[in-house]
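One is the number of the first residue; the rest follow in order along the sequence. Keep in mind that the numbers below use all heavy atoms, side chains included, and drop hydrogens, waters and symmetry copies.
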Amino acid sequence: MKNILLSKSNNILLSTIAGIILFMGTPATLHASMFFQDNPQEVTLFNQFKGEVVDAQNNKPLVFATLTLEGSNISTITNTEGEFLLKIPKSIKEGNIIVAFLGYKTSVIPFNQLKENNNKIALAISITKLDEVNVVIPKSARNLVKETLRKKGENYFEDPTLMTAFYRETIKKRKKNVSLSEAVVNIYKSSYSSGQKDAVQLYKARKSTDYSKLDTLALKLQGGPFNALYVDIMKYPEYIFNEVTMDDYDFSFERTTRINDKLIFVINFKQRPEIIDPLYMGKLFIDAENKILTSAIYSLNITDKEKASKMFVRKKPRNARVYPVEIAYRVDYREKNGRWYYGYSNVLLEFKINWDKKLFNSVYSMSAEMAVTDWEKNITGEVPKNKDRLKSSIILSDAAIGFTDPDFWGEYNIIEPEKSIESAIKKIQRQLKKSNPNGGESIP
């Protein structure tokens, strides 16, 4: 939810919507390093499956649906169009693919039934009848959301907390990987009822960039881990539901479902028809009994691409028109001893650039993903000095240079963009423990 940077010539594209920025400069001073696995050798090692995951009732794509090989850490997620790419080592001859999405019935598919292309997986909504449980739906969905936000001091971490998180950001031109950066960061998270911003400190980082795939346009993602961190609605509600914008949305009950044995209200929200400026729309998953936001999936309303473009672009080359095509967010919370905290978030951003006097346009997609791996109470409340903190304007692919440590990444120095963030976390868990033997509570 923070920033985006594009580089070309010495022209500047600068905009802001919840902190998103586009910037054009020159790629001439940027250094490239090769880690990507887009080569013929990879084809011989993996079976590759492509397709889409959709709602069985209305055929709409399901964004951020997960596909996991049962009993392994091999998984992937769908993009903003519900599409997926799943790679399974050829050494694995059989197994089931678990397809899951919040509020939907999980589907189990033997992976040998998948085709190489054009797989279409339809998931059915999971509905819990209220006559089966002793819970009454509140009369107002809006009031339920307000109450949930109001109760964050009761339901979410109140102690200052030091979290360790794994962060990954990816940039693609159409379907080709262009840049990938990964980092381990320390998050000094303040109380959920506090107005104090979280502080972030970079611990280890690495990057892989192939600017040859960008032609004359080099693209960067500004904001680094803050892109994912600010998706924490309960900590930063002002980015979506502040005192002014709350009345700009219509809220409605969609259904009830069960997630991890908890009864969940699924709340739809979208901007009111008379509101002109693009806002957000999506679903909130609220614990029916305790009024706790457990997850949220939402996107920016860009029906009017001209207005959405003006929100993002202030300056640009005269021969280019830049439009956001899709901007989607997801945040998941975890529970420990009756208190909830930020656990995972994902941001997907897609932009189209139309060039004058050129037949074909350029499409770029960016993703920022972060997962908390462990945490401990920050008893003293100490935070790093300003000079040691990451700034919200950070470009991780540039900052990674000073934090590279091949010994830390060890045998996993090959970055694999199609592997899940969970897979990457498991690979470096041993190194994290070695580096911090007295660390906090590990997150499964």
Lys/Arg N to Asp/Glu carboxylate O, [X] vs [Y], below 4.0 Å:
X    : Y    : result
E238 : K197 : yes
E116 : K50  : no
D232 : K189 : yes
D159 : K377 : yes
D332 : R334 : no
D55  : K60  : no

(message) So if I apply the ring pair (Phe, Tyr, Trp, His ring centres under 6.0 Å) rule between Y239 and each of Y280, Y230, Y298, which one comes out positive?
(response)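 Among Y280, Y230, Y298, the one meeting ring pair (Phe, Tyr, Trp, His ring centres under 6.0 Å) with Y239 is Y230.
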(request) Report the residue from D248, D250, N301, D277 that forms a side chain to side chain donor-acceptor pair (under 3.5 Å) with Q271. (result)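 Of all the options given, the one that passes is N301.
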Taking only residues two or more places apart in sequence or in another chain, which ones pass ring pair (Phe, Tyr, Trp, His ring centres under 6.0 Å) with [X]?
X    : value
F269 : F241, Y249
F157 : Y341, W375
F84  : none

(request) Give a yes-or-no answer on whether the side chains of S193 and S191 include a donor-acceptor pair shorter than 3.5 Å. (result)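 The criterion, which ignores hydrogens and geometry beyond distance, is satisfied for S191 and S193.
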With [X] via side-chain hydrogen bond (donor to acceptor under 3.5 Å, both in side chains) - residues at least two apart:
X    : result
Y344 : N346, E369
N96  : E70
S107 : none
D304 : none

Which residues share a salt bridge (charged side-chain N to carboxylate O under 4.0 Å, His left out) with [X], sequence neighbours left out:
X    : answer
R255 : none
E158 : none
D388 : none
K235 : none

(request) Go through the steps for Y342 and Y156 under the test ring pair (Phe, Tyr, Trp, His ring centres under 6.0 Å), then give the verdict. (result) CA-CA 9 Å; Y342 163 79; Y156 295 79; over 10 Å; no
(request) Using modelled atom types only, decide if a donor and an acceptor are shared between the side chain of T294 and the backbone of F285 within a distance under 3.5 Å. (result)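 Flag set: sc T294 to bb F285 pair under 3.5 Å.
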(request) Using modelled atom types only, decide if a donor and an acceptor are shared between the side chain of R142 and the backbone of M246 within a distance under 3.5 Å. (result)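 Yes; judged by distance alone, with no hydrogens or angles, the pair exists.
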(message) For K291, give me all partners under side-chain contact (heavy atoms from CB on, under 4.5 Å), at least two apart in sequence or on another chain.
(response)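 In terms of side-chain contact (heavy atoms from CB on, under 4.5 Å), with neighbours along the sequence ignored, K291 is linked to L144, E147, T148, K151.
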Search all heavy atoms of [X] against all heavy atoms of [Y] and return the closest pair with its distance.
X    : Y    : result
A296 : L284 : CB-CD2, 3.8 Å
S345 : A228 : OG-O, 2.9 Å
P384 : R389 : O-NE, 2.9 Å
A100 : L123 : C-CD1, 4.3 Å
G338 : E335 : N-OE2, 2.5 Å
F226 : S392 : CD1-CA, 3.5 Å

(request) Evaluate side-chain hydrogen bond (donor to acceptor under 3.5 Å, both in side chains) for D198 paired with Y236, printing each intermediate quantity in order. (result) CA-CA 10 Å; D198 299 330; Y236 302 102; 3.0 Å; yes
(request) Evaluate side chain to side chain contact (heavy atoms under 4.5 Å, CB included) for L69 paired with I97, printing each intermediate quantity in order. (result) CA-CA 5 Å; L69 179 63; I97 303 299; 3.9 Å; yes
(message) Between E326 and L300, is the side chain to side chain contact (heavy atoms under 4.5 Å, CB included) condition met? List the steps.
(response) CA-CA 7 Å; E326 187 77 32; L300 181 69; over 6 Å; no
(request) Taking the six-membered ring of Y192 (Phe, Tyr or Trp), confirm whether the NZ or CZ of K152 is under 6.0 Å from its centre and within 45° of its axis. (result)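 No, K152 and Y192 do not form such a contact.
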(message) With heavy-atom distances below 4.5 Å as the criterion, would you say the side chains of I88 and L86 are in contact?
(response)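 When only atoms from C-beta onward are counted, L86 and I88 do touch, with a gap below 4.5 Å.
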(request) Evaluate the side-chain proximity of V185 to Q201: yes if any heavy-atom separation is below 4.5 Å, no if none is. (result)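 No, every pair of side-chain atoms sits at 4.5 Å or beyond.
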(message) One pair to check against side chain to side chain contact (heavy atoms under 4.5 Å, CB included): M281 and S299. What are the steps and the verdict?
(response) CA-CA 6 Å; M281 56 186 177; S299 60; 3.9 Å; yes
(request) Please round to the nearest 0.5 Å and tell me the distance separating atom CD1 of I187 and atom CG of N378. (result)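 Between I187 CD1 and N378 CG, I get 12.5 Å after rounding to 0.5 Å.
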(request) Report the C-alpha separation of I233 and L293 in whole Å, then their side-chain angles, then the decisive distance to 0.1 Å, and conclude whether the side chain to side chain contact (heavy atoms under 4.5 Å, CB included) test is met. (result) CA-CA 9 Å; I233 294 178; L293 180 69; 4.2 Å; yes
(message) Taking side-chain contact (heavy atoms from CB on, under 4.5 Å) as the criterion, tell me which of L114, L67, I98 meets it with I109.
(response)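 Result: among L114, L67, I98, L114 is the only option passing the side-chain contact (heavy atoms from CB on, under 4.5 Å) with I109.
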